[in-house]
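The block underneath contains the structure these notes are about, expressed in structure tokens.
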Amino acid sequence: MYHYAAHELSTKQNYKFLTGSIIPRPIAWITTIDPTTRVVNAAPFSYFNVVSKELPLVSVSINRKPDGQIKDTARNLLAQKEAVIHLVNDTVLTAMNQTAAPLEATESELLGTSLTLVDSNHVKVPAIAEAPIRFETLLHQYVPLKHQEQIITDLFILEVTDYYFQPEIFDHEKQYILPEKFSPIARLAGDNYSHIDHFIQLKRPD
């Protein structure tokens with residue numbers, strides 16, 4: 001096997017190895033509000049997963065900008081302590097990609113799209129109506145990750161307060177998400193994304 005020591009690699013090389021190996025990754029497409037300007041920010045992040053079920057918690061890790069500055073989503077989350085997480089499929093992939101543009105904090109990424117904002121139930125942050133699944137969330141815990149005393153990543157643990165599912169991807173009677181109907185988009189490395197290609201069912205050992 002090819003071997004590399006992480007401490008001998010550049011940040012870019014570590015990023016390539018991590019994002020090329022840990023695939024596919026779910027995408028958290030997050031809306032937040034700047035509490036001062038009231039600008040609605042939207043941005044996708046793929047360092048995202050479930051961390052707890054007793055209390056429904058998810059994690060989102062947001063890297064700092066190259067100059068060390070905090071990103072708009074992280075800053076808004078710390079100030080407003082709430083967000084809406086949307087999951088992504090083909091119906092919103094192009095629009096999601098548009099919102100990845102590095103705009104100024106005073107500009108909303110949603111202005112360049114035809115997306116529809118709707119009011120949320122528990123939080124003040126509006127949601128994107130076209131997304132197939134969304135979670136309203138409250139900030140549960142913030143963990144600043146440091147290297148040599150400098151924050152390099154802002155890690156958020158968010159509590160889900162409300163779930164929304166479009167009818168065509170949800171079995172209401174059994175309360176199941178239908179993965180083949182949902183057909184989520186996952187993040188790979190570089191500019192690449194993927195779908196779930198096929199399903200393998202294995203019963204766990206007793």
Side-chain angles (χ1 to χ4, degrees), residues 19 22-33 40-53 55-62 71-73 76-77 80 82-101 108-140 156-201:
T19 60
I22 303 173
I23 57 173
R25 297 187 306 281
I27 299 167
W29 190 20
I30 304 177
T31 51
T32 56
I33 292 180
V40 178
N41 174 265
F45 300 93
S46 66
Y47 296 2
F48 164 58
N49 222 309
V50 179
V51 294
S52 173
K53 63 179 180 179
L55 184 65
L57 300 176
V58 298
S59 65
V60 179
S61 179
I62 301 177
K71 290 187 177 178
D72 296 339
T73 298
N76 292 347
L77 260 170
Q80 191 80 2
E82 56 184 34
V84 181
I85 295 176
H86 309 77
L87 301 187
V88 178
N89 62 11
D90 284 312
T91 63
V92 292
L93 175 60
T94 300
M96 180 219 70
N97 188 56
Q98 283 183 261
T99 66
S108 174
E109 295 82 359
L110 295 165
L111 293 178
T113 73
S114 59
L115 296 167
T116 309
L117 288 179
V118 294
D119 290 338
S120 296
N121 183 44
H122 264 98
V123 301
K124 296 183 179 68
V125 180
I128 298 168
E130 289 82 359
I133 294 175
R134 67 179 186 266
F135 307 149
E136 292 180 24
T137 68
L138 298 174
L139 178 59
H140 178 77
F156 297 91
I157 309 299
L158 303 172
E159 179 184 350
V160 178
T161 62
D162 297 79
Y163 301 90
Y164 297 82
F165 307 104
Q166 288 185 345
E168 57 268 28
I169 69 161
F170 191 70
D171 185 327
H172 187 262
E173 183 179 344
K174 296 181 180 179
Q175 296 193 337
Y176 287 160
I177 294 97
L178 304 169
E180 71 282 3
K181 300 291 186 182
F182 175 24
S183 189
I185 294 287
R187 192 77 168 88
L188 303 178
D191 294 330
N192 298 312
Y193 296 86
S194 72
H195 289 101
I196 297 173
D197 188 21
H198 64 282
F199 301 96
I200 300 171
Q201 191 172 64

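A quick note: this is a predicted structure, and the numbers were derived from the prediction, not measured. Just so it is clear, the values below take in all heavy atoms, side chains as well, and ignore hydrogens, waters and symmetry mates.
- Between Glu109 and Val40, the closest heavy-atom pair is OE1-O, 4.2 Å.
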Donor-acceptor pairs under 3.5 Å, side chain of residues 25-33 to any protein atom, not counting sequence neighbours: which ones?
unit_1, atom_1, unit_2, atom_2, d
Arg25, NE, Ser46, OG, 3.2
Arg25, NH1, Thr19, O, 3.0
Arg25, NH1, Ile22, O, 3.1
Arg25, NH2, Ser46, OG, 3.2
Arg25, NH2, Leu188, O, 3.2
Trp29, NE1, Thr99, OG1, 2.9
Thr31, OG1, Pro126, O, 2.9
Thr32, OG1, Asn76, ND2, 3.0

Only pairs under 3.5 Å count here: list side-chain donor-acceptor contacts from residues 87-98, not counting sequence neighbours, and write none if there are none.
unit_1, atom_1, unit_2, atom_2, d
Asn89, OD1, Thr91, N, 3.2
Asn89, OD1, Thr91, OG1, 2.6
Asn89, ND2, Phe182, O, 3.2
Asp90, OD1, His195, NE2, 3.2
Asp90, OD2, His195, NE2, 2.7
Gln98, NE2, Gly112, O, 2.9

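- The environment of Asp119 atom CG is sparse: at most 12 non-hydrogen atoms of other residues, nucleotides or ligands sit within 6.0 angstrom.
- Looking at Leu138 and Glu82, their side chains come closer than 4.5 Å, going by heavy atoms from C-beta outward.
- Ile62 CD1 to Lys71 NZ: the interatomic distance, rounded to the nearest 0.5 Å, is 8.0 Å.
- Listed by chain and residue number, Asn41, Phe45, Thr73 satisfy the side-chain contact (heavy atoms from CB on, under 4.5 Å) test with Ala43 (two or more places apart in sequence, or in another chain).
- The ring pair (Phe, Tyr, Trp, His ring centres under 6.0 Å) search around Phe135 returns Tyr163, not counting sequence neighbours.
- More than 12 heavy atoms of other residues, nucleotides or ligands lie within 6.0 Å of CD in Glu180, so this atom counts as buried by the packing criterion.
- With sequence neighbours excluded, the residues forming a side-chain contact (heavy atoms from CB on, under 4.5 Å) with Tyr176 are Asp171, Lys174, listed by chain and number.
- The distance from the CZ atom of Phe48 to the CZ atom of Arg187 is 15.0 Å, given to the nearest 0.5 Å.
- Counting only heavy atoms from C-beta outward, the side chains of Leu77 and Val60 never approach each other to under 4.5 Å.
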Practice problem: With side-chain contact (heavy atoms from CB on, under 4.5 Å) as the test, would you mind laying out the steps for Glu136 and Tyr164 before giving the verdict? | Solution: CA-CA 9 Å; Glu136 292 180 24; Tyr164 297 82; 2.6 Å; yes
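- To the nearest 0.5 Å, the span separating NE2 on His172 from CZ on Phe165 amounts to 10.5 Å.
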Quiz item: Are His140 and Leu158 close enough, and set up right, to give a side-chain contact (heavy atoms from CB on, under 4.5 Å), and what steps lead you there?
Solution: CA-CA 5 Å; His140 178 77; Leu158 303 172; 6.0 Å; no
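- The closest side-chain heavy-atom distance from Leu117 to Ile128 is below 4.5 Å.
- Contacts of Glu130 classified as side chain to side chain donor-acceptor pair (under 3.5 Å), with partners at least two apart in sequence or in another chain: Thr116.
- When all heavy atoms are compared, the tightest approach of Pro24 to Ala186 is CB-CB, 3.3 Å.
- When all heavy atoms of Ala131 and Gln166 are compared, the pair lying nearest together is O-NE2, 3.4 Å.
- Note: Leu55 CG to Ser52 OG = 5.5 Å, rounded to the nearest 0.5 Å.
- Atom CZ of Arg134 is separated from atom CG of Asp162 by 9.5 Å, given to the nearest 0.5 angstrom.
- Atom CG of Leu139 is separated from atom CD of Gln80 by 11.5 Å, given to the nearest 0.5 angstrom.
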